[in-house]
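Convention: sequence-line order gives letters A, B, ...; per-chain numbering from 1.
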Amino acid sequence: MTAKKEISDLLVAAAQQAMAAGDLPSIALPDATVEHPQKSGFGDYASSIALKLSRAAKPRQALDIAKILVSHLPASAIVGQAEVAPPGFINFTLSDNWLKRQVETIVAAGDEFGSVDLGKREKVQVEFVSANPVGPLHVGNGRGAILGSTLANILAKAGQEVTREYYLNDAGSQLDAFFRTLWARYRQALGQEAEIPADGYAGTYMSDLAGEIVASEGDRFLRLPEAEALTALGQLGMARIIDWIKTDLRNIGVEFDVWFSEKSLYANSQFDQAFSLLKERGYVVEREGAVWFASTALGEDKDTVVIRSNGTPTYFASDIAYHYNKFVERGFDRVIDIWGADHQGHVNRMKVVLSALGIDPSRLGILITQLVTLKRGSEVIKISKRTGDIITLREVIEEVGADACRFFFLARSADSQMDFDLALAKEQSQENPVYYVQYAHARIASILRTAAEKGIGYEDGDVDLLSTEPELTLIRKMLEFPELVELAAVNLEPHHLPHYSQELAGIFHSFYKQCRVISEDDQLTKARLKLVHAAKIALANALDLMGMTAPERM
RNA sequence: GCCCCUGUAGCUCAGUGGAUAGAGCGCCGGCCUCCGGAGCCGGGUGCGGGCGUUCGAGUCGCCCCAGGGGUACCA
C-alpha cells in the first residue's frame, strides 16, 4: 500500500471516530484525497478534507474540523507529524524512521518495486498501432506504438492481465488500392506501361517494393491471369510490408502478444454473429441499396453504412465484429483502443454500437493521440502516405535513437499535438533529458562496481544511519514511484513517467554531489550503498516501464 | 455549420478544485585535491480574453478569439 493511501485511510478512520464520539455531526464523507503540497514547508502530504467537510458541518469552521480530525487520528508508524494549517489543511510529515526503513523494502522488492494493487485483476486488452499494412510506419504510428506499449507496461505493473494486440487490416478497400498500385509498379519495373491508380499509393517506396519483388521473384506474375496476379503479388507485398512494420516496432522496443487478422472476422463468422445480434435488437436498416447501423436511434447525428450497396462490408462492419470478438468471444473485461487523431469521429459511434450490442460502453477506453508535426528546423514535413515521400519512423529512430524517441513521445500527453524537430532532437543528443536520467543510473552502477571492487558488501548496512536531508529527500522521491504507477494506470496517462524519472534523477544527482557514498566511514558507506542501490532500482523500473534501457555504463 | 483536441516562461511541455504555478532547452554567472563534470549551485519571465460556479479556479460551466483534427457506401 502506498503511503498516500494509508494516510487517506487514517483520515477516514479519524472522521468516523470523531463522528462516533459526537465531535462531528454524522455527515457523508467527501473523498479523503491526499496530495503532495506544491511547496515545501507543508509536509509530505496534505489533505483538504476539513475544508470540504466544513460546508456540510456548519457552523463548524474548517480549521476546527481539522483540529478535531487530528485529535482522532489513529496512531501510525508512517506519520511523524500531523499539523493543522489555515484555512483548514492537515499537513502530514512522514516519520524519519519509517522513511529509512523503506530503503530495505525497495531493495527487497527489486524489480517488483512500483507494483500496485488496484483492487481487482482484470483482463485488459490494449490494442494499438494497427496501421494498415500498405506502407512503412510514420512517426504518428510511432507515437501510438510508444504510448500503447508503455500503457500496457503500466497496467501490467498495476496488476492487470494485459494483452497487447495489433489489428491487421488485411482486407478492405485500402488494401485493394495497395494491390493495384503494386501491380502497376511491378509492371513498370519490368518495362511495361502501367498507370498508378488515382486512389493508389504514390510513394517511391512502392517502386522499391516492386523492385525487390522483381529481384527475388522475376516476372512470373506477368504470366498469371491479371486478377490472380494482382492478388498473389499483393499478398506477397503485404507480407513484406508487415515485416518492415515488425522490424520497426522491434527497434523501438514494441512487441505484441497477438496479431489479429481482420479477414478472420469474416471467416470465423464473428461478423455474422455480431450483425445478427444488432438486427435482433432492431438497429439494422436497409436503405438506398445499402445496409446501415441505426446510430441515430442512439443519439448520433447520422446512420452509418455497414454493408455497401456493392455488397462489401465497410471498415465499421469489421470494427463491430472485432469489438464483439474482444468483449463477447474473448471476454476481455476492459479494452483500450489507441487511435490516431484521424479516427476521432469513430469514438462515439464505436461506443454507441457497443450499447446496441448490449455491452457496457464504459468497458471500452479510447485514447486519441493527437498529430505529430515533423520538423527539420523551421521546415514542416508533411506526413502523408498517399501523396508521396514521407519521413518514416525508421528514419527518425536511426537519427535520434530508440530511447530518445520513446522518451520524447512519452513526455507529452496524448491530447497534445506535438512538434518533433529532428534537427533539435539530434542537436540535443548530449544535453538531453534522456541521457540525464540514464546517466543517473549508470552513475549508480559505477558506484556499486567500485564498492564491489573494493570488496565492500552492504547487506548489513544500517539504514538508520541515513539522516541527512539529501538522503531523506531521495527516499521520499522514490516512494512516489508506486503512486505514480497507480495514477498513470487509473487515468491511462503514461506521460507522467518521463517527468517523474527526470525529477528522481535530479534528486539523485544532487544527493550525489552532497553525500559521498564510499568513504572512510564504513558503516555510513554501507548504509549509503544500500540507499543508492534502492535508487538504482527505482530508476531502472521507471526506465523499464517506459521501454527504455537502463545502461550500466555510458 | 456541427463534433473532438489544444492555447501556461523566449522555445518544447508538465501541473489529481486547494496554500507562493513547475521542468527541460536556450541565455548569464559560479563549482573539478574526492565514488563518472553526460554532473552540481545560483539568476526570470507566464496561465489567450470575458462572465459565472465555489470558502478557494491554470483546473469546472457558458460565451468569444486563435491553432489543429474530424465530419465518405476510405481506413
Measure all distances between protein nitrogen or oxygen atoms and nitrogen or oxygen atoms of nucleotides 17-19 of chain B, and list the pairs falling under 3.5 Å.
from	atom 1	to	atom 2	distance (Å)
B:G18	OP2	A:E35	OE1	3.4
B:G18	N7	A:S48	OG	3.0
B:A19	OP2	A:Q38	NE2	3.2
B:A19	N6	A:N91	OD1	2.6
B:A19	N1	A:N91	OD1	3.2
B:A19	N1	A:N91	ND2	3.1

Exercise for review: With P as the reference atom in both, quote the distance from B:G58 to B:A38 in angstrom, rounded to an integer.
Suggested key: 41 Å

Check your understanding: Is the closest basic N to carboxylate O distance between A:K263 and A:D170 below 4.0 Å?
Key -> no

Review point. If you take all heavy atoms of A:S318 and A:L265, which pair is closest and at what distance?
Key: O-CD1, 3.4 Å

Review point. Tell me: OH of A:Y500 to P of B:A23, nearest whole Å?
Key: 17 Å

Practice item. Identify, with sequence neighbours excluded, every residue that meets ring-ring contact (aromatic ring centres under 6.0 Å, His included) alongside A:F275. Key: A:F271

Point to revise | Among B:U71, B:G24, B:A75, the nucleotide that comes nearest once only the side chain of A:P433 is considered | key: B:G24

**Study point:** B:U6 versus B:G10 - spacing of their P atoms, nearest Å
**Key:** 22 Å

Check your understanding: Quick one: side chain to side chain donor-acceptor pair (under 3.5 Å) partners of A:Q417, sequence neighbours excluded?
Key -> none

Exercise for review: Dot-bracket notation for RNA chain B is requested: 5' to 3', Watson-Crick or G-U wobble pairs only, both distances under 3.5 Å, with ( ), [ ], | and . as defined.
Suggested key: (((((((..((((....[...)))).(((((.......)))))....(((((..]....))))))))))))....

Review point. Would you find a donor on one side and an acceptor on the other, under 3.5 Å apart, between the side chain of A:Y201 and the backbone of A:I196?
Key: no

Exercise for review: Sorted by first residue and then second, give each salt bridge (Lys or Arg N to Asp or Glu O under 4.0 Å) pair with at least one member in residues 522-536 of chain A; sequence neighbours left out.
Suggested key: A:E104-A:K530, A:D460-A:K526, A:E471-A:R528, A:K536-A:E552

Review point. So, is B:C27 syn or anti if syn means the angle is within 90° of 0?
Key: anti

Review point. When you compare B:C32 with B:C41, how far apart are their P atoms, in angstrom units rounded to a whole number?
Key: 15 Å

Point to revise | Inter-nucleotide C1' distance (B:G44, B:A23), Å rounded | key: 15 Å

Exercise for review: Identify whether any heavy atom of A:A442 sits under 4.0 Å from a base atom; if not, whether one sits that close to sugar-phosphate; answer base, sugar-phosphate or nothing.
Suggested key: base

Check your understanding: Can you tell me how far P in B:G18 sits from the matching atom in B:U59, rounded to whole Å?
Key -> 11 Å

Review point. Rounded to the nearest Å, what distance is computed from the CG atom of residue A:D415 to the P atom of nucleotide B:U59?
Key: 16 Å

Check your understanding: Using the ring of each side chain (for Trp, its six-membered ring), is A:Y315 parallel, tilted or perpendicular to A:H343, with breaks at 30° and 60°?
Key -> perpendicular

**Study point:** C1'-based separation of B:C27 from B:C34 [nearest Å]
**Key:** 32 Å

Review point. Does a side chain donor of either A:N169 or A:Q174 reach within less than 3.5 Å of an acceptor in the other side chain?
Key: no

Check your understanding: Given the P atoms of B:U45 and B:A21, what is the spacing between them in whole Å?
Key -> 12 Å

**Study point:** Sugar-phosphate only, base, or nothing, as touched by A:E552 at under 4.0 Å among non-hydrogen atoms
**Key:** base

Review point. A:Q370 CD to B:G7 C1': how many Å, rounded?
Key: 13 Å

Under 3.5 Å, which N/O atoms of the protein pair with N/O atoms of nucleotides 29-31 of chain B?
none

Exercise for review: Please answer whether the main-chain N or O of A:A32 pairs with a side-chain N or O of A:S8 as donor and acceptor at a distance below 3.5 Å.
Suggested key: yes

Exercise for review: Go through the steps to decide whether A:Q438 and A:H441 satisfy the test side chain to side chain contact (heavy atoms under 4.5 Å, CB included), and finish with yes or no.
Suggested key: CA-CA 5 Å; A:Q438 291 180 324; A:H441 185 270; 5.5 Å; no

Point to revise | Residue met sooner reading RNA chain B from 5', once A:K4 and A:Y315 are mapped to nucleotides | key: A:K4

Check your understanding: Touch check for A:L371, heavy atoms < 4.0 angstrom, all strands: base, sugar-phosphate only, or nothing?
Key -> sugar-phosphate

**Study point:** Shortest non-hydrogen contact from A:Y436 toward A:G506
**Key:** OH-CA, 2.9 Å

Exercise for review: On the 0 to 90° scale, with breaks at 30° and 60°, tag the A:F481-A:Y500 ring pair as parallel, tilted or perpendicular.
Suggested key: parallel

Practice item. Specify the separation, in whole Å, of atom NE2 of A:H509 and atom C1' of B:C35. Key: 14 Å

Exercise for review: Name the nucleic acid region contacted by A:F316, choosing base, sugar-phosphate or nothing; use a 4.0 angstrom heavy-atom cut-off, strictly under.
Suggested key: nothing

Check your understanding: In whole angstrom, what separates A:Y435's OH from B:C25's P?
Key -> 14 Å

Point to revise | Euclidean distance, atom CD of residue A:E503 to atom P of B:G15 [Å, nearest integer] | key: 11 Å

Review point. Would you say B:A75 has OP1 or OP2 under 4.0 Å from some side-chain N or O of A:S173?
Key: yes

Practice item. Go through residues 337-349 of chain A and report each residue with a non-hydrogen atom lying under 4.0 Å from RNA chain B, sorted by number. Key: A:A341, A:D342, A:H343, A:Q344, A:G345, A:H346

Review point. Are A:D521 and A:S519 close enough that a side-chain donor and a side-chain acceptor fall under 3.5 Å?
Key: no

Check your understanding: At under 4.0 Å, does any side-chain N or O of A:Y436 touch on OP1 or OP2 of B:C40?
Key -> yes

Check your understanding: Less than 4.0 Å between a side-chain N and a carboxylate O, is that true for A:K326 and A:E127?
Key -> yes

Exercise for review: Would you list the pairs meeting salt bridge (Lys or Arg N to Asp or Glu O under 4.0 Å) in which at least one residue belongs to residues 494-510 of chain A, sequence neighbours left out?
Suggested key: A:K477-A:E503

**Study point:** C1'-based separation of B:G48 from B:A9 [nearest Å]
**Key:** 15 Å

Practice item. Please name all residues satisfying salt bridge (Lys or Arg N to Asp or Glu O under 4.0 Å) with A:D342, sequence neighbours left out, ordered by chain then number. Key: none

Review point. Over how many whole Å does the gap from A:Q502 atom CD to B:G39 atom C1' extend?
Key: 15 Å

Exercise for review: Check the angle between the aromatic planes of A:Y322 and A:Y167 and answer parallel, tilted or perpendicular using the 30° and 60° thresholds.
Suggested key: parallel

Point to revise | Partners passing side chain to side chain contact (heavy atoms under 4.5 Å, CB included) against A:L393 (at least two apart in sequence or in another chain) | key: A:L137, A:I252, A:I397

Practice item. Tell me what A:Q438 touches on the nucleic acid: a base, only sugar-phosphate, or nothing, going by heavy atoms under 4.0 Å. Key: nothing

Scan nucleotides 9-13 of chain B against the protein and return all N/O pairs shorter than 3.5 Å with their distances rounded to 0.1 Å.
from	atom 1	to	atom 2	distance (Å)
B:U12	O2'	A:R412	NH2	2.1
B:C13	OP1	A:Q417	O	3.3
B:C13	OP1	A:D419	N	3.0
B:C13	O5'	A:R412	NE	3.4

Exercise for review: Provide the full list of side chain to side chain donor-acceptor pair (under 3.5 Å) pairs with a residue in residues 444-456 of chain A, sequence neighbours left out, each pair given once.
Suggested key: none

Point to revise | Residue closer to the 5' end of RNA chain B, A:H496 versus A:S446 (nearest nucleotide) | key: A:H496

Check your understanding: In whole angstrom, what separates A:H495's NE2 from B:G22's C1'?
Key -> 13 Å

